Protein chains: 2
Amino acid sequence: MTENTINPIKFSLDPKSGVPFYKQIILQVEMAIADKRLVNGDQLPTVRSLAVDLSINPNTVARSYNELEIRGIVHTQQGTGTFISDKVVELDEIKREKVLASISRSFISKAGSYGFTLKEIIEYLQTIEGGKE
Amino acid sequence: MTENTINPIKFSLDPKSGVPFYKQIILQVEMAIADKRLVNGDQLPTVRSLAVDLSINPNTVARSYNELEIRGIVHTQQGTGTFISDKVVELDEIKREKVLASISRSFISKAGSYGFTLKEIIEYLQTIEGGKE
DNA sequence: ATAGTTGTACTAAACTATTAGTACAATAAA
DNA sequence: TTTATTGTACTAATAGTTTAGTACAACTAT
């Protein structure tokens with residue numbers, strides 16, 4: 001009876017990876033957004049259905065969805081479901097740059113602790129970018 | 001009687017930071033190397049002395065030194081002490097690039113999960129680099 | 001050889017993160 | 001209002017990480 005208003009993303013877990021289940025789910029949502037398999041307004045599987053699907057506890061799914069909500073990636077409503085936030089796909093440039101700034105900062109700091117300068121880092125990344133097909 | 005063959009780095013721990021003691025020690029050594037407060041051949045404090053200094057267990061210091069040794073940053077010898085590896089300051093370019101490649105890879109992957117392309121990343125880093133005094 | 005230094009091994013305690021069990025609360029639809 | 005859906009709260013079990021206690025082994029110097 002439910003139309004497929006739900007974009008059928010395939011979730012899967014690798015228990016051997018050492019990556020916590022809830023993080024794997026978050027990553028899969030993020031990646032799906034990144035390559036447009038999920039777009040604004042799309043509904044994620046319900047907490048229960050995904051929990052059954054993956055044979056894990058509903059709370060584990062809920063935790064993933066909660067973190068995604070905190071990051072502003074999804075919004076959630078009891079009785080209705082969890083949906084990709086409109087803002088995400090509108091690509092709010094300000095928020096986007098904040099995210100990039102944040103993860104860049106920690107990367108630069110880490111590289112710096114190994115003695116790399118920002119100049120060196122950029123040069124290295126350019127060799128990668130140039131070298132891809 | 002001991003000359004200061006030991007470069008007197010100041011170690012300090014922040015128990016509230018949530019960062020494990022052994023990681024804080026590693027980071028402080030790495031940073032000291034990065035800005036030349038530690039150079040090749042310099043001796044680190046002995047496991048015991050640093051443990052007393054910081055009021056922590058010798059094993060915690062030893063764990064830090066072990067990780068640093070695995071990374072090739074220090075070498076250690078019983079009865080003698082722990083020293084900054086010559087290779088570190090010779091800046092073994094091959095190993096150096098491997099390190100940069102490794103941390104870059106995880107950064108690129110993380111940024112990618114947020115939908116950023118390598119091109120975008122590089123452009124962003126360049127704005128930072130251009131903007132520093 | 002012997003004494004004093006150094007790092008190391010092994011074990012256990014404390015803490016934290018992760019997941020699950022179970023019951024509940026909010027919303028939507030009839 | 002009732003029923004079925006949705007997400008949530010609270011607790012506990014489990015596993016993993018981190019630190020400490022304690023005793024040991026390697027090496028240097030005398």
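Below, chains carry the letters A, B, ... as their sequence lines are ordered, and counting in each starts from 1. Quick caveat, the model's predicted, so the values are computed rather than measured.
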query = Quick one: side chain to side chain donor-acceptor pair (under 3.5 Å) partners of B:Ser49, sequence neighbours excluded?
reply = B:Thr46

task = Salt-bridge test for B:Glu30 and B:Arg71: reply yes if a basic N is under 4.0 Å from a carboxylate O, no otherwise.
result = yes

key: Contacts of A:Ala51 that satisfy side chain to side chain contact (heavy atoms under 4.5 Å, CB included) - sequence neighbours left out   = A:Pro58, A:Val61

Filtered N/O pairs between nucleotides 1-6 of chain C and protein, under 3.5 Å:
unit_1, atom_1, unit_2, atom_2, d
C:dT6, O2, B:Gly79, N, 3.3

remark   = Within residues 51-60 of chain B, those residues having any heavy atom closer than 4.0 Å to DNA chain D are B:Ile56, B:Asn57, B:Asn59, B:Thr60

query = Hey, can you pull the residues of residues 61-69 of chain A with a non-hydrogen atom under 4.0 angstrom from DNA chain C?
reply = A:Arg63

request  = Only counting residues at least two apart or in another chain, list the ones meeting side chain to side chain contact (heavy atoms under 4.5 Å, CB included) with A:Ser64.
outcome  = A:Tyr22, A:Ile25, A:Ile26

query = Quick one: side chain to side chain contact (heavy atoms under 4.5 Å, CB included) partners of B:Glu69, sequence neighbours excluded?
reply = B:Asn66, B:Val74, B:His75, B:Thr76

key: Residue pairs passing the side-chain hydrogen bond (donor to acceptor under 3.5 Å, both in side chains) test where at least one lies in residues 9-20 of chain A, sequence neighbours excluded   = A:Ser17-A:Gln24

ask   = By side chain to side chain contact (heavy atoms under 4.5 Å, CB included), which residues pair with B:Asp53, not counting sequence neighbours?
value = B:Leu50

request  = Could you check how far NZ of B:Lys23 sits from C1' of C:dT16, rounded to whole Å?
outcome  = 12 Å

Taking every non-hydrogen atom, the tightest pair across A:Leu125 and B:Leu125 = CD1-CD1, 3.5 Å

inquiry  = According to side chain to side chain donor-acceptor pair (under 3.5 Å), who are the partners of A:Thr60, at least two apart in sequence or on a separate chain?
reply    = none

key: Distance, nearest 0.5 Å, that separates CD1 of A:Ile73 from OG of A:Ser85   = 8.5 Å

key: Closest non-hydrogen atom pair between A:Gln43 and A:Thr80, with its separation   = NE2-O, 3.3 Å

query = For A:Glu123, which residues count as a side chain to side chain donor-acceptor pair (under 3.5 Å) partner, sequence neighbours excluded?
reply = A:Lys119

query = Using a heavy-atom cut-off of 4.0 Å to chain A, what are the terminal contacting nucleotides of DNA chain D, in 5' to 3' order?
reply = D:dT5 to D:dC10

